[in-house]
Amino acid sequence: MSNAILVKTDAGQQAVLDRSRYPDLNGRLRTLLLQIDGKRQASELMKLAVSLGAPADSLDKLMAMGLIVNEAPAVPRIAMPDNRVSSRAPAPAVVQQAAPPPVERRGSGQVFNRFQEATRLMNEAASKHLGLKAVFFTLKVERCSNAAELRSLLEDFRKAIGKAKTPFFADRLVEEIEALLD
């Protein structure tokens, strides 16, 4: 599973939006769930889980809860011929294409994806630049359930990143996050 690309299921997206539906999803597991974006490999996510202080079997727990799955690449499936005894010759194998991924509709799904990307960007920047403070900041970020709550953290985020790096760097990062939240 180390090279597997993981994605949230519909239930996983609901768990991010509504905490009450998944009371077993503690803060660290929820933070890890927020980071699953269909781009990172499981090995990278496990390193992130360890840095967050989550248990070693965090990804397995999220899979068992039905919140994430391995993203299977769209590969042709081969339908095997029926091997019953018949007077006719067996039918040749038929190649069927896997169904294409659903097209994202404009609206709430797009808003959610932008919110999720802003959350991921904030968490990655915090992890990379804030040292131990990153854990506390990441917990604040994971408590946010909408763009307004995430925006309320931006000034503290700007100050912390500006202190760790440069104010210019912090301003650019916050501008990028604000653009995602607009």
Side-chain angles (χ1 to χ4, degrees), residues 5-42 44-55 58-59 61-62 65-69 71 102 104-182:
I5 300 293
L6 302 174
V7 294
K8 286 184 200 76
T9 61
D10 289 339
Q13 290 183 356
Q14 286 300 316
V16 169
L17 294 174
D18 184 7
R19 294 168 198 257
S20 64
R21 295 180 83 175
Y22 295 90
D24 295 340
L25 191 63
N26 67 35
R28 291 184 175 132
L29 283 177
R30 188 168 190 276
T31 300
L32 182 60
L33 180 62
L34 284 167
Q35 299 303 313
I36 296 172
D37 56 5
K39 298 176 185 170
R40 299 182 187 183
Q41 292 183 343
E44 182 182 352
L45 290 165
M46 275 312 304
K47 288 178 187 173
L48 179 62
V50 169
S51 72
L52 293 172
S58 297
L59 293 177
K61 285 182 180 179
L62 291 173
M65 293 171 78
L67 302 178
I68 61 172
V69 293
E71 180 178 61
E104 183 179 299
R105 293 186 195 120
R106 296 189 65 129
S108 64
Q110 191 175 28
V111 171
F112 174 76
N113 288 340
R114 292 172 64 94
F115 170 75
Q116 185 179 25
E117 180 65 18
T119 301
R120 184 193 61 75
L121 187 59
M122 288 178 80
N123 281 332
E124 279 183 3
S127 296
K128 188 173 182 180
H129 303 296
L130 298 183
L132 285 177
K133 291 181 183 180
V135 173
F136 299 109
F137 189 80
T138 302
L139 290 174
K140 287 181 185 179
V141 170
E142 71 89 13
R143 285 187 192 112
C144 296
S145 60
N146 59 44
E149 291 175 1
L150 202 58
R151 266 193 201 94
S152 71
L153 296 177
L154 284 177
E155 192 55 38
D156 290 340
F157 180 71
R158 181 190 316 263
K159 287 177 186 175
I161 296 292
K163 192 173 183 181
K165 295 289 285 178
T166 66
F168 178 76
F169 179 82
D171 289 342
R172 291 301 221 184
L173 191 56
V174 168
E175 285 174 12
E176 189 176 341
I177 293 166
E178 285 174 334
L180 288 168
L181 296 175
D182 287 338

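All figures in this text were calculated on a predicted structure; none of them were measured in a lab.
With respect to E117 and R114, no salt bridge is recorded, no charged nitrogen being found less than 4.0 Å from a carboxylate O. The pair E155-R158 meets the salt-bridge criterion, since a charged nitrogen lies less than 4.0 angstrom from a carboxylate oxygen. One finds a salt bridge joining E124 and R120 here, because a Lys/Arg side-chain nitrogen approaches an Asp/Glu carboxylate oxygen to under 4.0 Å.
Distance CG/N123 to OG1/T31: 6.5 Å, rounded to 0.5 Å. Here the CD1 atom belonging to I177 is positioned 4.5 Å from the CG atom belonging to L121, to the nearest 0.5 angstrom. Atom OG of residue S127 and atom NZ of residue K47 lie 14.0 Å apart, to the nearest 0.5 angstrom. Separating the OG atom in S58 from the CG atom in L33 is a distance of 11.0 Å, to the nearest 0.5 Å. Annotation: the span from L181 atom CG to E149 atom CD amounts to 12.0 Å, rounded to 0.5 Å. For the atom pair CG (L6) and CD (Q35), the distance works out to 13.0 Å, reported to the nearest 0.5 Å.
Shown here for I161 and A125, the closest heavy-atom pair between the two residues is CD1-O, 4.0 Å. The heavy-atom pair separating F137 from A126 by the smallest distance is CD2-CB, 3.8 Å.
The closest side-chain heavy-atom distance from L59 to I36 is below 4.5 Å. Considering only heavy atoms from C-beta on, M122 comes within 4.5 Å of L154 through its side chain.
No more than 12 heavy atoms of other residues, nucleotides or ligands lie within 6.0 Å of CZ in F136, so this atom counts as exposed by the packing criterion.
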**OP:** Test salt bridge (charged side-chain N to carboxylate O under 4.0 Å, His left out) on D182 and R151 and set out the steps.
**Re:** CA-CA 10 Å; D182 287 338; R151 266 193 201 94; 3.3 Å; yes
Original post:
Yes or no on side-chain contact (heavy atoms from CB on, under 4.5 Å) for L173 and F157, after CA distance, side-chain angles and deciding distance?
Top reply: CA-CA 10 Å; L173 191 56; F157 180 71; 3.6 Å; yes
Subject >> Derivation and outcome, salt bridge (charged side-chain N to carboxylate O under 4.0 Å, His left out), residues E175 and R172 >> reply: CA-CA 5 Å; E175 285 174 12; R172 291 301 221 184; 3.3 Å; yes
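With hydrogens and angles disregarded, a donor-acceptor distance shorter than 3.5 Å links the side chain of T9 to the backbone of G66.
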